[in-house]
Every structure is written in structure tokens, then in C-alpha cells.
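These notes are about the structure you will find just below.
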Amino acid sequence: MGEPPSKRSKNSDGHFTTEKNGTTSTAYVKEDKNAGEQTTALIFSLPHSIGSLATALKPFEELQVNMKHIESRPSKSSKDMYDFFVECVDCDDSKLDGLVKLLNRHASSVQVCARNPPEDSLADHWFPRKISDLDKFANRILQYGGSEGGDLDADHPGFTDEKYRARRKYFADLAIKYRHGQPIPSVEYTEDEIKTWGAVYNGLKKLFPTHACKEHATVIPLLEEHCGYRENNIPQLEDISNFLKSCTGFRLRPVAGLLSSRDFLAGLAFRVFHATQYIRHGSKPYYTPEP
């Protein structure tokens, strides 16, 4: 059970590359320059069984790696698995390599997450003070939507589709380059993406009369009129963002993947809703493992 251990190497700029299942992703070790503390975040998946977490945490004790935070949630890849997010301190290169190797003996997957630090004396308690500060963490994501070919789980419908993985990387790159104040890049969607969108759109519209709340039923016609919502057209985030801002003061911002709850809520504090631009895989238009 479990996947082959990940291979990791350090680049000249201090970044790490993690190789797993033939794909490579970039991760970062967070360093608090003022406190001299390194903080590293990992996500690993374990079977939902008695003692599995206790066994998986033994490597932390053996390598004397101190955890400062841990949380769990049911895995979206399997109903019999749980995903654990762990943040640990003072985990140097050798300890991190050893930790990943030992965790792979018990976990079905191990991922070292990107955690970029803000450069101020309150790094551990930092929060955005103005809307442009969202640039500092918008790409500090827990799981990429397309980095280096997708970082898709093995059970994802598009995992073996190289064309789809490349497309996901394209969308992620657009989001990573985006900065506050810029117009959201327009996307020329493919025929397959429009077809998938159309299938989902028509399926949902049939359910609106019996399942949608009054507010949703009121807004959908407005989105169709002002933002181009229709079966054969995928609306652009910029058009939706401008419409939302005129009505509610909220706006959209492109993001490459899943943000932490803290960062997502920090965006909402400035009336910014982070949203991806990619379309789910066409082989299963009514299913996606993404939240």
C-alpha cells in the first residue's frame, strides 16, 4: 500500500522539487528570518482506521521534528481515507528528506506544500492590511491546479490525459502571474471545454426550479444577460467580477488552486473571492474531485 517515496532536490535559489508518479512540483521551505525559525507544511493521506495516525506521527518523534499545527478532513479521493495537514518547525533539509521517506511507508501520498513567508517581524501572525497585500499569499496554495503538468491525484479523471494536464498548467500560470489592479486575463476556451460546460449548465438549469433558492433564481437571469452565461459560452471572470462589483462590491481574483481556509477568508475580508478558471475533465462532466 502507499506510493513510491518522493525524490527531492534543492535548487540554487533555495526551492525544492518533489518528484512523484513521474511528475515534478516545486515546494518551498518557510524561513522566519527574524526568529530564526523554519516552518514546513505537509499534506499526507492515511486510511481511516484505528492507530493509523499514531503510527504516521512516530517519524516526527524519531526525527525530533516539532509540530505546531495539525488538522484533518475526509479525503476527496477515497471515502476510506483522511487527509492530514501538518505544519512543523525547525525541520531542516536532512530531517525533511527523512520525514518524507518514513511517511511514505504509511501514507498513500505525501506532499510538501508551498508556504511563502511575509517578510516582517509578525510573520506568524501576519494578515493583509490592504487589498494589494493579497498578492503576497494568493499563490500560497495547498494544491496546485496545474503546476508542472497538473499535480492531479491518481484518481482524477484527467490524470492520464496529457493534453488536459497541460491545459491545467496554462490556467495555473495565468493565475500565478496575476497581480491586483490588472484585468483578469481572458481565456479562449476549447470546443471540448465549452461542451463540458454546456452539459453541466443544462443539467443544473433543469434542477433550478426545484432546488435553487429564491436569491439564486433571481441572479441567474442577470448573469445570463450581463455576463454571457449560456450553454455555448463560458463567461470570463473579468466580466463576472465587474458585474459583481457593481451590484455588491465583491470582485473575483484568479487563483491557481486550493487556498488555506485562513487565506481564503482573508480575501473575503476585502470582498475578494478567489476563483479558478479551468474546466473539469470532459470524461466526467458531472463529477470533479476539486472543492
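- Each salt bridge (Lys or Arg N to Asp or Glu O under 4.0 Å) pair with one or both residues in residues 177-195, not counting sequence neighbours, appears once here: Arg167-Glu193.
- When every heavy atom of Pro289 is checked against every heavy atom of Tyr287, the shortest pair comes out as CB-OH, 3.6 Å.
- Other residues, nucleotides and ligands place no more than 12 heavy atoms under 6.0 Å from the CD atom of Gln64.
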Problem set entry | Pair Tyr178-Ile184, side-chain contact (heavy atoms from CB on, under 4.5 Å): steps then yes or no | CA-CA 7 Å; Tyr178 178 82; Ile184 300 174; 4.1 Å; yes
For this session: Could you walk me through whether Asp135 and Arg253 pass the side-chain contact (heavy atoms from CB on, under 4.5 Å) test, one step at a time?
Result: CA-CA 10 Å; Asp135 289 341; Arg253 178 186 175 119; 2.7 Å; yes
List the atom pairs, with distances to 0.1 Å, where a side-chain N or O of residues 46-55 and a protein N or O form a donor-acceptor pair under 3.5 Å, not counting sequence neighbours.
from: Ser52; atom 1: OG; to: Pro47; atom 2: O; distance (Å): 2.9
from: Ser52; atom 1: OG; to: Ser49; atom 2: O; distance (Å): 3.1
from: Thr55; atom 1: OG1; to: Gly51; atom 2: O; distance (Å): 2.9

Problem set entry | Criterion ring pair (Phe, Tyr, Trp, His ring centres under 6.0 Å) on Phe264 and Phe273, from CA distance to verdict | CA-CA 8 Å; Phe264 182 78; Phe273 191 96; 5.3 Å; yes
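- Not counting sequence neighbours, the partners of Ser283 by the side chain to side chain donor-acceptor pair (under 3.5 Å) test are His281.
- For Pro254 against Gln277, the heavy-atom pair with the smallest separation is CB-OE1, 3.9 Å.
- Partners of Arg280 by salt bridge (charged side-chain N to carboxylate O under 4.0 Å, His left out), not counting sequence neighbours: none found.
- In this structure Phe137 satisfies the ring-ring contact (aromatic ring centres under 6.0 Å, His included) test with no other residue, sequence neighbours excluded.
- Legend: residues meeting side-chain contact (heavy atoms from CB on, under 4.5 Å) with Leu102, ordered by chain and number and at least two apart, are Pro59, Glu62, Leu63, Arg105.
- A search for salt bridge (charged side-chain N to carboxylate O under 4.0 Å, His left out) contacts involving Asp155 returns nothing, not counting sequence neighbours.
- Side chains of Tyr82 and Pro74 form a contact here, defined as non-hydrogen atoms less than 4.5 Å apart.
- With hydrogens and angles ignored, the 3.5 Å screen pairs no side-chain donor or acceptor of Tyr164 with any backbone N or O of Arg168.
- Contact annotation: the side chain of His216 approaches that of Phe208 to within less than 4.5 Å [non-hydrogen atoms, C-beta and beyond].
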Problem set entry | Chi angles and distances behind the side-chain contact (heavy atoms from CB on, under 4.5 Å) call for Lys68, Cys88 | CA-CA 5 Å; Lys68 65 183 297 184; Cys88 46; over 6 Å; no
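- Between Pro128 and Asp133 the shortest heavy-atom distance is CB-CB, 3.6 Å.
- Taken from CG in Leu134 to CG in Leu259, the straight-line distance is 10.0 Å, to the nearest 0.5 Å.
- The main-chain N or O of Ile279 is never found under 3.5 Å from a side-chain atom of Trp197 such that the two would form a donor-acceptor pair.
- With rounding to the nearest 0.5 angstrom, the OH atom of Tyr201 is 8.0 Å from the OH atom of Tyr229.
- Distance check: Ser75 OG to Asp83 CG gives 4.0 Å after rounding to the nearest 0.5 Å.
- For residues 206-235, every residue pair satisfying the salt bridge (Lys or Arg N to Asp or Glu O under 4.0 Å) rule, not counting sequence neighbours, is listed here: Lys205-Glu224.
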Under 3.5 Å, side-chain donor or acceptor atoms of residues 241-251 against the rest of the protein: list the pairs with distances, not counting sequence neighbours.
from: Ser241; atom 1: OG; to: Leu252; atom 2: N; distance (Å): 3.0
from: Asn242; atom 1: ND2; to: Glu238; atom 2: O; distance (Å): 3.2
from: Ser246; atom 1: OG; to: Phe243; atom 2: O; distance (Å): 2.7
from: Thr248; atom 1: OG1; to: Leu244; atom 2: O; distance (Å): 2.8
from: Thr248; atom 1: OG1; to: Phe250; atom 2: N; distance (Å): 3.1

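- Without hydrogens or angle criteria, Gln236 side chain to Val187 main chain gives a donor-acceptor distance under 3.5 Å.
- Looking at heavy atoms from C-beta onward, Val272 lies in side-chain contact with Ile131 at the 4.5 angstrom threshold.
- With values rounded to the nearest 0.5 angstrom, Met67 atom CE is found 10.0 Å from Glu61 atom CD.
- Pairs engaging residues 49-69 under the ring-ring contact (aromatic ring centres under 6.0 Å, His included) rule: none recorded [sequence neighbours left out].
- Formation of a donor-acceptor pair under 3.5 Å by the Arg165 side chain with backbone atoms of Phe159 is found in this model.
- The line from NE2 of His106 to CG of Leu57 is 10.0 Å long, rounded to the nearest 0.5 Å.
- Residues Lys284 and Pro157 approach most closely at CD-CG, 4.0 Å, considering heavy atoms.
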For this session: Give the C-alpha distance, both sets of side-chain angles, the deciding distance and a yes or no for side-chain contact (heavy atoms from CB on, under 4.5 Å) between Asp97 and Ser94.
Result: CA-CA 5 Å; Asp97 284 330; Ser94 60; 5.8 Å; no
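- Between Met81 atom CE and Lys76 atom NZ the span is 15.0 Å, to the nearest 0.5 Å.
- Two residues are said to be in side-chain contact when any heavy atoms from C-beta on lie closer than 4.5 Å; Val100 and Leu103 fail this criterion.
- Take Pro285 and apply the side-chain contact (heavy atoms from CB on, under 4.5 Å) test, not counting sequence neighbours, and it matches Thr196, Ala199, Val200.
- Shown here for Val112 and Leu42, the closest heavy-atom pair between the two residues is CG2-CD2, 4.3 Å.
- Residues passing the ring-ring contact (aromatic ring centres under 6.0 Å, His included) test with His274, sequence neighbours excluded: none.
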